Amino acid sequence: MGQTGGFLKYDREPNPGQTPEERIQHWNEFHDRLPDAERRCQGARCMECGVPYCQSGMVLNGMVSGCPLHNLIPEWNDLVYTGNFDLAMRRLHKTNNFPEFTGRVCPALCEAACTCGLNGQPVTIRENELGIIEDAFRDGLVQPRVPGHRTGKRVAVVGSGPAGLACADQLNQRGHSVTVFERDDRPGGLLMYGIPNMKLEKQIVDRRIQLMTAEGVTFVTNTNVGKDKKAAELLREFDAVVLCCGAKHPRDLQVANRDAHGVYFAVDFLSANTKSLLDSNFADHKYVDPKGKRVVIVGGGDTGNDCVGTCIRHGCKSVVQLEMMPKAPETRAENNPWPEWPRVCKTDYGQEEAISVFGADPRMYQTTVTELVTDKNKKLTAVKIVSLGADRKPVPGSEQTLDCDLLIIAAGFLGCQAYVPDAFGVAQTPRTVVQTEAGHYATNVPRVFTAGDMHRGQSLVVWAIAEGRGAAREVDAFLMGYTNL
Ligand SMILES: Cc1cc2nc3c(=O)[nH]c(=O)nc-3n(C[C@H](O)[C@H](O)[C@H](O)COP(=O)(O)OP(=O)(O)OC[C@H]3O[C@@H](n4cnc5c(N)ncnc54)[C@H](O)[C@@H]3O)c2cc1C
Ligand code: SF4
């Protein structure tokens, strides 16, 4: 249970990071990890509470708090404290296929529910998780686990994001032969082409893909299922198919002059940026260059923040992030007590960087775009915006015009792209995600399953992994008549 009174003896010590001025000079991750001795002190702070909300993954007041994977957090925190890193890694892998991803990009729903956070600072759960897995890789403890027995069953997984990867990993370890189809040139889904390199370096994704390949999973890239590869072929060649294609259908702006030159969707902007970085360190110029541009980003959320960080690294002239909602309070409101997910204002890395470069937070709250302004060649020159009242209606007389040469739409996603469900004849919900019975992954089409954002709607890496594992359990039970996953 950590060290008795550990949370009184040791303060929370986050991983050391570079200043905004340092990190905007490059595209790499900007946090170091604590040395082992200090990491052990952070593990010592966990008291293995009688009711460890950190691993509950419960819905409280409409939001999930605690880990959706039900990671065995108090157990591996104790193993960190006692320096038993090998066993910690094995207990961590029991519930989480990819702690190196969640340890970097998860918003740490666990820490919001940590009892230490009730009166003080929560345990550094996410960083302990990252420390366990990265030290395990460093020390050669993560080795390919090739299944000793093959069942003879064949499964196709469509989409190689965290849901598809988790599903493939589980089914492969069970002994089924798994092929993952991916339409992009590199596997990883939004882990590869979405989340920027400074949040998750791409060799970390490659390392896991190589491991899974060594364990027997086959990856087929540059293959668009439903177009290059027909649904009927897949159903003929495999015993089961799992659709994990994400929720890439973006919410658009319904404004005058939407067809102006200089308007991009956030994921297209971010993925072209990462591809050019990986392919040529930007020498191929196959990306949208924000250098010297006045950038406006529609959407004050995490994706918008990733666009802010990307534009700053390229040397944009200015950046503004428009948010429709009011600014959240700095601390929990009375009606949002622990252990609920805290609805508080978060200033993320990109926003910190904008503050450091331009001297002000880039976010404008309760604001929306009403019109795009162009020159005679249809080139974007400005956006007209208006403030929104508490009723979310435009406030008369609040109109403004912002000079703008690059507009990035990061206004969320509407669901999955229809052509894949259509190709398989799979039913969708009115939210345009694939329909299943609640808590299940089988679609209306026999032998076809689904998981991840395509099933749940746009969400988080940790949920995608949880969904991939859930779908694997259901596929295994379907193939074998029972499951031990
Ligand atoms: C910019 C951005 C930043 C984010 N940052 C975070 C973060 O920091 N932390 C966090 O927890 N979550 C983050 N998210 C959300 C998270 O990335 C997603 O919830 C998660 O990746 C969903 O996983 P998935 O496997 O369901 O789908 P995806 O990761 O979207 O993967 C789907 C894959 O399917 C492939 N595919 C689609 N159709 C086909 C087809 N017909 N044939 C073959 N392949 C196909 C796609 O090319 C893609 O590779 C972010 C999302 C975005 C957009
Ligand atoms: S996966 Fe996320 S919520 Fe779960 S323990 Fe790790 S950081 Fe916490």
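Just follow the structure's listing: the first ligand is 1, and inside any ligand the first atom is 1. The figures that follow rest on heavy atoms only: side chains count, while hydrogens, waters and symmetry mates do not. Nothing here was measured: the structure is a model prediction, and the numbers come from that model.
Between the Glu111 side chain and the Arg126 main chain, a donor and an acceptor come within less than 3.5 Å of each other. The backbone N or O of Ala272 sits nowhere less than 3.5 Å from a side-chain atom of Ser276 that would complete a donor-acceptor pair. Side-chain N or O atoms of Glu467 include one that pairs as donor or acceptor with a backbone N or O of Gly452 at under 3.5 Å. Side-chain N or O atoms of Glu215 include one that pairs as donor or acceptor with a backbone N or O of Arg145 at under 3.5 Å.
The closest approach between any non-hydrogen atom of Met192 and ligand 1 is not below 4.0 Å. Residue contact annotation: Tyr419 has a non-hydrogen atom under 4.0 Å from ligand 1. Contact between Thr223 and ligand 1 is present, with at least one heavy atom of the residue lying under 4.0 Å from the ligand.
Counting protein heavy atoms only, atom 53 (C) of ligand 1 is closest to Val267 CG2, 3.6 Å. Of the protein's heavy atoms, Leu190 N, 3.9 Å lies nearest to atom 28 (P) of ligand 1. Remark: minimum distance from atom 36 (N) of ligand 1 to any protein heavy atom is reached at Arg183 NE, 3.8 Å. Among protein heavy atoms, atom 1 (C) of ligand 1 sits closest to Leu270 CD1, 3.4 Å. Looking only at protein heavy atoms, the nearest one to atom 4 (Fe) of ligand 2 is Cys67 SG, 2.4 Å. Atom 48 (C) of ligand 1 has its closest protein heavy atom at Glu182 OE1, 3.5 Å. Closest to atom 27 (O) of ligand 1, if we only count protein heavy atoms, is Gly246 CA, 3.5 Å. For atom 2 (C) of ligand 1, the nearest non-hydrogen atom of the protein is Thr303 OG1, 3.7 Å. Annotation: atom 14 (N) of ligand 1 to nearest protein heavy atom, Ser459 O, 4.2 Å.
When Gly161, Pro162, Cys106 are checked for heavy-atom proximity to atom 20 (C) of ligand 1, Pro162 turns out nearest. The heavy atom nearest to atom 34 (O) of ligand 1, out of those in Pro196, Gly159, Gly468, is found in Gly159.
Only the side chain of Cys106 comes within contact range of ligand 2, with a heavy atom under 4.0 Å; no backbone atom does.
A donor-acceptor pair shorter than 3.5 Å can be found between the side chains of Asp185 and Tyr193. For the residue pair Glu127/His31, the side-chain donor-acceptor check at 3.5 Å is not satisfied.
Atoms of ligand 2 lying under 4.0 Å from at least one heavy atom of Thr102, given by number and element, are 1 (S). Remark: ligand 1 atoms within the under-4.0 Å shell around heavy atoms of Gly189 are 29 (O), 31 (O), 48 (C), 49 (O). The atoms of ligand 2 that sit less than 4.0 Å from any heavy atom of Asn71 are 1 (S), 4 (Fe), 5 (S), 6 (Fe).
Screening Gln42, Arg33, Arg39, Glu38 against Asn15 for a side chain to side chain donor-acceptor pair (under 3.5 Å) leaves a single residue, Arg39.
Atom 6 (Fe) of ligand 2 lies closest to atom OE1 when only the N/O/S atoms of Glu129 are considered.
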Q: Would you please test Arg332 and Glu340 for salt bridge (charged side-chain N to carboxylate O under 4.0 Å, His left out) and show each step?
A: CA-CA 10 Å; Arg332 286 178 184 272; Glu340 286 179 14; 5.7 Å; no
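Between Val225 and ligand 1, at least one pair of N/O atoms sits closer than 3.5 Å. The shortest N or O to N or O distance between Gly188 and ligand 1 is not under 3.5 Å. On a distance-only criterion, Asp453 and ligand 1 share at least one N/O pair closer than 3.5 Å. Polar contact with ligand 1: absent for Ile195 (N/O pair, distance under 3.5 Å). In terms of polar-atom proximity, Ala163 is counted as a contact of ligand 1, with an N or O under 3.5 Å from an N or O of the ligand.
The side-chain tip of Arg45 does not point at the ring of Phe7 from less than 6.0 angstrom away and within 45° of straight on. Relative to the ring axis of Phe137, Arg207 places its NZ or CZ within 45° and under 6.0 Å from the centre. Cation-pi check for Arg258 over Phe265 is met; the charged atom lies under 6.0 angstrom from the ring centroid and within 45 degrees of its normal. Relative to the six-membered ring of Tyr419, Lys227 meets both conditions, a distance below 6.0 Å and an angle of at most 45° to the axis.
Taking the six-membered ring for Trp and the full ring otherwise, the centers of His455 and Trp463 sit at least 6.0 Å from each other.
Residue contacts to atom 8 (Fe) of ligand 2: Cys110 brings an N, O or S atom closer than 2.8 Å.
The residues Asp86 and Arg90 are annotated as salt-bridged, a charged nitrogen and a carboxylate oxygen being separated by less than 4.0 angstrom.
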